[in-house]
Each structure stands twice: as structure tokens, then as C-alpha cells.
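Contents: one structure, followed by commentary.
Here, residue 1 is the first one in the sequence, and each next residue gets the next number. From a predicted model like this one, the values you see are computed outputs, not experimental measurements.
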Amino acid sequence: GGTINAKVGGYPYSNSLLSFFGGLNFDYDERYLLSANLRYDGSSKFAKGHKWGVFPSVSAAWRFSGEKFMKSASRWLSDGKIRASYGHIGNQNIGGGAYMSTWGSTIYDRYNFGSPSTAVIGAGVTSVGNPELMWETSRQFDLGLDLSFFNGSLDFVADYFVKNIDNMLMMEPQPTTLGLASYPYANVGSMKNEGWEFGINWRKGFGDWFFTASANISTYRNEVTSLGNGDAIYGYAYNNNVVTKTEVGKPVGYFYGYVTNGIFQNAEQVEGSPQRETAVPGDVRYKDLNNDDIIDDKDRTKIGSPWPDFVYGITLGAAWKGFDFNVFIQGSQGNDVMNMTLLDFESGTGYMNAKSDYLSRAWNGEGSTDRYHRISAVQGDNLLVSDYFLEDGSYARIKNVQLGYDFCNCLIKKNKIISQCRLYVSAQNLFTFTNYSGLDPEIGSSNATVNGIDSGFYPQARVWTIGLNLKF
């Protein structure tokens, strides 16, 4: 049979970016380095009067290893440099035409006039624009140290940075009483990131063997320093639940909800709690944070953060007589993940397949568990956004591993046409070590206010590859 009433949809769009930039570089005896750059960017995503932004940057470095007083250290210090930089970077990552309001007509935009009444097609606002939108600007200061030891066999890099983001481009929630079709984009405030980055790299040959190892680690703290109208911004996800909150003095998009206090084990515990009218034994017990004997919105608070304490990467390599081996390990430590898929898996309605251990771990009588609620098609307050759904998102992942052999070193080394004939096998996302119960702990978002929320993300695929590299 054929396809009935097949439809194809789409729409054209275009954006334009025009940039002018220039720079100056100064180098004196490879010891004193100075660089200055200037960008002038124009974007079609902003209205007239706000299309253009100016973004300067400057950097300087002192290679102290080249100074006379460092000659005695040249036996072990190959290179040493202190550097500093400061610059502005612009961001225009919003939809095209966000400064304009758009109108459209749907089946709901009809009005009845006359007697007898006749339906007349009308139009309404489909998106709200903001003609005052302007470039978001990042101002970053960086202070760094580069060291190289033993003829370049060991390198060390350290950086301290402070990044201030002004005029952040975000959708700004509006009161529902305004009846707006959508939230408009706005320059809602500012944010500060401050942190450290460290890196080390080692390489060494031993006869026919050659080894490499490198590692890096980065840590930072995030703080919202101002918001446009001072009001907090709430992040909505998964069935329009409030999951995050962004406010001055706190990290952007921290997880916001109720704090759990175990599971009700018997009727006596229920009767003595603020949930006496809504809960039964086996339900989740929540903390009454303001001690008013009521569980309501006033008891919601910060319950976690999607931002890690630190992230890291490790690369190891070895080579021997044509064989080469490399592995890259990447990880994150200290971040939380809001596992909203449990709202479906543990709803008890049967709309979603539950996990295989749901029946065995669920509460089934006094003392059976103080962690997991009962199974029921009517869950009530058990599905409130709380730390019940919050999990440790820390992980270490073997991101890439590769083993290869170059046949030019033995079988065809006399061939002057082919300089390399390398056969390799590699695997991506080979193993992930984590305590997270979902499919993948590595969850991001282009919207910082709703980061780290697992609403059913498809996991990163494990990919096996066999390939051949030829060079002539």
C-alpha cells in the first residue's frame, strides 16, 4: 500500500553575522610578549541600534626562563612563562528575529459576530519580541603559568580565571495574568564564574618503547550576581514541573524542591505529620522546613546542583615497534542529576515499563524500606519534585581507546611509495563507571537554567571502528 495524506513541513530562515577584527603583536627577544585584538561584530538577531558590539582583548607574557638569572636552572627548566590576559567576548546565541513580535492565525483565533453569529477568522500574537535586546558580553581575566622541564619531557600548566557575564540572554518569565503567548528574550542580569585549571603532560622514550601521559583538571564556582527585575527565574521541565531556580547569590539553575525524610512506615507516623490529610503508610515523608505544620511551596529549597566540583581528563599512550595504543578517560565529580524519568517509571499507572527491580525494592510493609515509596496507581504527593529523584551524577568514562599497527615498519618498509599503512581498531564510550541509575549521567543543556535534568535522554552510543590509514 501507499502513504495516505503524506505531508512535509518546514520553513525558511536566515541570520547574518558581519565581523571586522584586527590585532597587534609585539615580541622582544622572545621574552616579553604583548598582543592586542579588537573585534567589531554585527548581528541580524538584534534590532537597529543594538546590532553592533565592540569586543577588545589584550594579553601579555614574560618568559622568565630566558633571563640571565635563570641560566643556572636551564639544566632542568626548559621553558618558563607567566602570562595574563583580559578580553571581551560577545554572545548572540538566540533565535533569529527574537526582537520582533510575530502574529499568526489558528483555529482558536476566531470570533463570532452578528445574529445569527458568523465565525470570523482573526489573528493573535504567537511570540513576544523585545526590541531592546543587545549583545551578551563575557569579560574574562586569566592569569597563567607554563613550565617545561627536562628538554620538554614534562610540561605543567596552571590557570586562574574570573569570567563575568553581563546582559545574559535568557527567556524572562512573565506573570500569567498578562496573557502572553510566550516568554520574551531579555538581557536579564549578570553572572560570575571563578576557578582554576591545571594540566600536566609527560613523554619519554625507553629503547623501542615510547610512553605519553597527560591529565587535566578544572574546578570553578558559579554565582548569579544580578537579575534584571530582581525576581527569581524558575526552570520548568517534564510536564511543566518547576525543577530549578535561579536567584542572586546562588548558582544558576540549582535544583529546587522538597526535602524528603524517609518513608511513612505506619498510620501513627502519618497522623503525627503535616501530611496527615494526604498521605498513607508507604508514601514519601517531606520535611516541614518552616515548622508551620503544612507541606506547601514554602518548604521548597535548594536540594542540589547540576554543576560539578571538578571535571577531569586523562590520556595515556604507548608505542612499540609499529604498535600504538591510546586511551582517553573523561569524568565529572560532585554534580547532581535530577532523574525525572522516575516520575513515569514509578508512577504505578502502567503507562511506562517499570525497572526490573521496582517490585522488589518498593515499600511493601512496615520496615521493608525507608527509601522507596509504595506501588500504587494513585501516587499523590510522592511525585512532587524533591530530592527523592536526585542522584549523584559523578562518573568516569573511557571515552576513547585505540590500538593500531603500522605495517610499513616490517612487511612493506622497502616500499618507497607508501609511507604509512596503519590498521587500527577503536571504541568510543567503551565503559562508564557511575552510581547513576539512569541511562547516561552526562546530561547537558544549551539552557543553563535547566541543566542536568534527565527527562529521557538517549544515551551516548558505544561505537566500534576498524580503519586503515594510508599515506603516500
Thr246 side chain vs Thr449 backbone, donor-acceptor pair below 3.5 Å: no

field: Polar side-chain atom of Ser78 near backbone of Asn151 as donor-acceptor pair, under 3.5 Å
entry: yes

- Between the side chains of Trp62 and Glu67, does any donor sit under 3.5 Å from an acceptor? yes

Q) Is the shortest distance from a Lys or Arg side-chain nitrogen in Asp146 or Arg63 to a carboxylate oxygen in the other one below 4.0 Å? A) no

Point to revise | Over 12 foreign heavy atoms within 6.0 Å of NZ, Lys204 | key: no

Problem set entry | Aromatic centroids of Tyr234 and Tyr236 separated by under 6.0 Å | no

(message) Counting C-beta onward and ignoring hydrogens, is there a side-chain heavy-atom pair between Tyr256 and Ile303 closer than 4.5 Å?
(response) no

Give a yes or no on whether the ring-centroid distance for Trp76 and Phe150 is below 6.0 angstrom. no

Just wondering, are more than 12 heavy atoms of other shown residues or ligands nearer than 6.0 Å to CG in Asn435? no

Practice item. Verify the neighbour count for atom NZ of Lys163: are there more than 12 heavy atoms of other residues, nucleotides or ligands below 6.0 Å? Key: no

**OP:** Given ring pair (Phe, Tyr, Trp, His ring centres under 6.0 Å), test Phe46 with Trp135 step by step and report yes or no.
**Re:** CA-CA 8 Å; Phe46 304 108; Trp135 283 86; 5.5 Å; yes

Between Asp344 (side chain) and Ser347 (backbone), is there a donor-acceptor pair under 3.5 Å? no

Taken to the nearest 0.5 Å, the spacing of Tyr160 OH from Leu143 CG works out to 9.0 Å

To the nearest 0.5 Å, atom CG of Leu18 lies from atom CG of Asp41 at 8.5 Å

Separation between OH (Tyr436) and CG (Asn335), nearest 0.5 Å, reads 11.0 Å

>> For Asp288 and Tyr258: C-alpha separation, side-chain torsions, deciding distance, then whether side chain to side chain contact (heavy atoms under 4.5 Å, CB included) applies.
In response: CA-CA 9 Å; Asp288 181 14; Tyr258 295 93; over 6 Å; no

Within 45° of the six-membered ring axis of Tyr388 and under 6.0 Å from that ring's centre, is NZ or CZ of Arg371 located there?
-> yes

Between Thr341 and Asn339, is there a side-chain donor-acceptor contact under 3.5 Å, judged purely by atom types and distance? yes

Using distance alone, with no hydrogens and no angle criterion, decide if Asn290 and Asp292 have a side-chain donor and acceptor under 3.5 Å apart.
-> yes

Verify, without hydrogens or angle tests, whether Asn187 (side chain) and Asn167 (backbone) share a donor-acceptor contact under 3.5 angstrom.
yes

Q: Decide yes or no for Phe55 and Thr137: does some side-chain heavy atom of the first lie under 4.5 Å from some side-chain heavy atom of the second?
A: yes

Here the gap from Ile89 atom CD1 to Arg39 atom CZ, rounded to the nearest 0.5 Å, amounts to 9.0 Å

Might you confirm whether atom CG of Leu470 has over 12 heavy atoms from other residues, nucleotides or ligands at distances under 6.0 Å? yes

Can a donor-acceptor pair be found between the side chains of Ser65 and Asp79 at a distance below 3.5 Å? yes

Mind checking whether Thr212 and Thr315 have side chains closer than 4.5 Å, heavy atoms only? no

| Asp142 and Tyr86: side-chain donor and acceptor closer than 3.5 Å? | no

Paired with Tyr286, the side-chain contact (heavy atoms from CB on, under 4.5 Å) test is passed by just one of Val259, Asp381, Asp387, namely Asp381

When rounded to the nearest 0.5 Å, the distance separating CD of Gln330 from CG of Asn400 is 11.5 Å

Could you tell me if the side chain of Tyr185 sits less than 4.5 Å from the side chain of Met170, heavy atoms only?
no

inquiry  = Within a 6.0 Å radius of atom OH on Tyr458, are there more than 12 heavy atoms belonging to other residues, nucleotides or ligands?
reply    = no

When rounded to the nearest 0.5 Å, the distance separating CD of Gln460 from OG1 of Thr432 is 7.5 Å

Practice prompt. Return yes if some donor-acceptor pair links the side-chain N/O of Ser218 with the main-chain N/O of Glu197 below 3.5 Å, else return no.
Written response: no

message: Under a 3.5 Å cutoff, is there a donor and acceptor pairing between the side chains of Asp336 and Ser305?
response: no

Tell me if the CZ atom of Phe21 is crowded by more than 12 foreign heavy atoms within 6.0 Å.
no

